[in-house]
Structures are given as structure tokens and as C-alpha cells.
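Single-structure report; data block below.
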Amino acid sequence: MQTLNVRENKSVSGVDFRTREFPMTNVDFEFIANVANEKTGIQLGEHKKDMIYSRIVRRIRALELKTFAEYCSYLKSNKNLEMVNFINAITTNLTSFFREQHHFDYLEKTVVPELLVKNKIKKSIRIWSAGCSTGEEPYSISMTLDKALGDKSGWDVKVLATDLDTNVVSHGKVGVYVPDRLDGLPPRLVKKNFSAVSHPSGTGQAYNVSDHLRKCITFNRLNLLHEWPMKGLFDVIFCRNVVIYFNKDTQKILFDRYADILKPNGYLFIGHSETLHGVTNRFESLGQTMYRKKS
Ligand SMILES: C[S@@+](CC[C@H](N)C(=O)[O-])C[C@H]1O[C@@H](n2cnc3c(N)ncnc32)[C@H](O)[C@@H]1O
């Protein structure tokens, strides 16, 4: 197991976590950071101490424990039971519909028209949203395909949506969003693609994704660091704002695997603060964090 260089008991903001309501020592944080890295690839530097404290405290309260040391021993001896909760607690799931709009514009105006010619014999399109969080990304892909394909009803179009966090995968499958999540979506898209429902928790209104958007998407839990069960190759992979939490070695392994599972000249879209520069040379840059596999 990799040992992180964690020296300070205080956080970067000067908080001494040993004196908090639920004390957390260096050793506890180092243990948590090492398990996170080993199981998910996520790197937790010292600047993440505040975030980890607030997220793991929820687990400590739920389990009626008193200290981080108790939680670490609980995690050690109840791996099968607690690891899923631990992983769900440490992932960052920030997302939105049509986040980084230019990727969807490019998909609509360049990629789909090209695939309609390139794949005309098989009439199939395969897209993977890797690290899909609560589903806004794959549903945005589906809305884009809907627009770009028009009535190409004979086409077999599939979007695989995967994430490591079981809570977000369930949310994506359910496909119900509170009104705030739809802020910024043009009203005509909301009208066409969502129906108003009462929120499953009974707290006000929500929006349910229409069946025509759902029908091409399959949601599954998948750890990107583990084996991938998919057999076929993809035309496009979205892996946006995921590898930002990984170190360069893990990124290199992952991007090489993406190159292997993409069709020749397949597309890879990554997040706005991510780059393949200095990580892999198996893709050519198209600008704006869009890449194409070299043939
Ligand atoms: C910030 S969200 C990005 C969501 C979406 N792609 C976007 O850009 O809006 C990052 C997602 O990556 C997922 N993730 C982190 N490590 C992962 C791993 N090892 N395997 C699969 N998913 C992972 C997290 O659970 C989280 O939902």
C-alpha cells in the first residue's frame, strides 16, 4: 500500500483535528488516504483533510462511533460491509446537464454526422460515459443524439453510463431531478425530455427523464481501476472531471486502456482542467479537451 507523506495534524486552514468533536489524528488520515488511493485511485492530499473530516464524520455518526481511530478499525475489520459506504463518502460527484457545452456541440455537429457515414453498414453507435455521476452527463448525451440523429430509427444506439459510487448510479437509473438541477436547460428541452412528478421523498416537485432518453442508456457500477466487462469497442468515451483526482501513473494506465477500447479514430472527451499532454501519446488533440485516437 502506498504511504502518503502526511506530517501535520493541523489542516491547511490551521484546524487541529485531534481536538474536534470526533478526533482525527495524522495516522487516521493517512490510513483513510491510503485506502482511498488503493481502492479508487483518488489521491487525498493534506488540503483534503477538511473535506474528508466532514464526509467521514457522517459515517462515524451513523455507526455511533466516537473517533476516527474507531472508524479506521471498523473499516479494517468490516471491509465487505463498509467499503461501499466509505467509497460513496469520499467520491466527489459534482455534475450538471450539458456541463462543458462545447463537447455536446461537437458531438452533434461533427461526431454523429461522421459516424452516420463511418458506421453505415452496422448502423450502430456506442458511447461510454465513464464516471457518469448522477446521470446528467449520459442524459445530455442522449438528448444530443436525439437531436443529431433525427428519425434514424433503424440505428442501434447505446450509451453505457458507469460510476464507482453506488448512490449516484442508483440516482442516474431513477432519473428524477429536483427543479434546480434543470436550471439553465432551455424550456423547450425540459418540455420535450422531462415530465413533472412529485419528488420520491415527498418534498415538492421534481422532473422525471422521459423514456425516449432512457431507452439507449444502461447504468452500471464500475470501478475504472478494475477489469472492464465490456466486449465491444466504443466510438466515443466521455471521461470528464474524473482523472483530476488520480495521479499521473494511474491516468496513464487508464488513458491507454481507453485507447485500447476505442475504435480507430474514436473520440475521447476529458474535463476542462485535465490534459493528456505528458500522460499518453496515443491521442491527437482536437482542442478544448477533445481528443481522437491515433490510428
Ligand atoms: C466530478 S464527477 C464527474 C461527473 C461527470 N463526468 C461530469 O463531468 O460532470 C467524478 C465522478 O467520478 C467517479 N469516480 C471516481 N473514481 C472512480 C473510479 N475509480 N471508477 C469509476 N468512477 C470513479 C466519482 O464517483 C464521481 O461520480
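Note that this is a predicted model, so its numbers are computed, not measured.
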Return the set of residues passing ring-ring contact (aromatic ring centres under 6.0 Å, His included) with Phe255 (not counting sequence neighbours), or none when no residue passes.
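Scan of Phe255 (ring-ring contact (aromatic ring centres under 6.0 Å, His included), adjacent residues dropped) gives none.
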What residues form a ring-ring contact (aromatic ring centres under 6.0 Å, His included) with Phe98, not counting sequence neighbours?
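Applying ring-ring contact (aromatic ring centres under 6.0 Å, His included) to Phe98 gives Phe104.
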What's the verdict on side-chain contact (heavy atoms from CB on, under 4.5 Å) for Leu44 and Tyr245, showing C-alpha distance, side-chain angles and the deciding distance?
CA-CA 8 Å; Leu44 297 173; Tyr245 306 106; over 6 Å; no
Intermediate values then yes/no, side chain to side chain donor-acceptor pair (under 3.5 Å), Arg59 and Asn88:
CA-CA 10 Å; Arg59 290 302 308 146; Asn88 290 355; over 6 Å; no
Do [X] and [Y] have a side chain donor and acceptor closer than 3.5 Å?
X      : Y      : value
His212 : Asn193 : yes
Asn85  : Arg58  : no
Thr19  : Asp16  : no
Tyr71  : Glu82  : yes
Trp128 : Thr162 : yes
Asp28  : Thr25  : yes

State whether [X] and [Y] are salt-bridged, where the test is any N-O pair (Lys NZ or Arg NE/NH1/NH2 against Asp/Glu carboxylate O) under 4.0 Å.
X      : Y      : answer
Arg240 : Glu137 : yes
Arg181 : Glu136 : yes
Arg292 : Glu114 : yes
Lys293 : Glu284 : no
Glu21  : Lys66  : no

Can you tell me how far the [atom1] atom of [X] sits from the [atom2] atom of [Y], to the nearest 0.5 Å?
X      : Y      : atom1 : atom2 : result
Thr218 : Met230 : OG1   : CE    : 11.5 Å
Thr144 : Lys109 : OG1   : NZ    : 10.0 Å
Leu276 : Asn281 : CG    : CG    : 10.0 Å
Phe86  : Thr40  : CZ    : OG1   : 7.5 Å
Ile244 : Ile270 : CD1   : CD1   : 10.0 Å

Crowding at NZ, Lys294 (>12 non-hydrogen neighbours, <6.0 Å):
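Yes, because the 6.0 Å sphere around NZ of Lys294 holds more than 12 heavy atoms from other groups.
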For Gln205, look at atom CD and say whether over 12 heavy atoms of other residues, nucleotides or ligands are found less than 6.0 Å away.
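Buried by this count: over 12 neighbours within 6.0 Å.
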Test side chain to side chain donor-acceptor pair (under 3.5 Å) on Asp105 and Gln101; report intermediate values, then the result.
CA-CA 6 Å; Asp105 294 341; Gln101 173 77 48; 2.9 Å; yes
Apply the salt bridge (charged side-chain N to carboxylate O under 4.0 Å, His left out) test between Asp156 and each candidate in Lys215, Arg126, Lys123, Lys122; give the one that qualifies.
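Testing Asp156 for a salt bridge (charged side-chain N to carboxylate O under 4.0 Å, His left out) against Lys215, Arg126, Lys123, Lys122 leaves exactly one candidate, Arg126.
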Member of Thr91, Asn37, Val242 meeting the side chain to side chain contact (heavy atoms under 4.5 Å, CB included) criterion with Ile42:
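With Ile42 as partner, side chain to side chain contact (heavy atoms under 4.5 Å, CB included) holds for just one option, Thr91.
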Summary of side-chain hydrogen bond (donor to acceptor under 3.5 Å, both in side chains) pairs that have at least one residue in residues 255-266, sequence neighbours excluded
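Qualifying pairs, neighbours excluded: Asp235-Lys263, Lys252-Asp256, Asp256-Thr280, Asp260-Arg282.
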How close do Cys239 and Leu224 get, counting heavy atoms only, and between which atoms?
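Between these two residues, the closest heavy atoms are SG-CD1, 4.5 Å.
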Close aromatic pair by centroid cut-off 6.0 Å: Tyr53 and Phe29
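When the ring centroids of Tyr53 and Phe29 are compared, they turn out to be at least 6.0 Å apart.
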Could you check whether Tyr291 and Tyr267 have their ring centres less than 6.0 Å apart?
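They do not qualify: ring centres at least 6.0 Å apart.
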Give the intermediate values and the outcome of side chain to side chain donor-acceptor pair (under 3.5 Å) for residues Thr250 and Asn247.
CA-CA 6 Å; Thr250 310; Asn247 67 25; 2.8 Å; yes
Side chain to side chain donor-acceptor pair (under 3.5 Å) for Arg55 and Thr92? Distances and angles first, verdict last.
CA-CA 10 Å; Arg55 291 183 180 184; Thr92 297; 3.3 Å; yes
Which word best sums up how the rings of Phe269 and His103 line up, parallel for under 30°, tilted for 30 to 60°, or perpendicular for over 60°?
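Parallel: the ring planes of Phe269 and His103 meet at under 30°.
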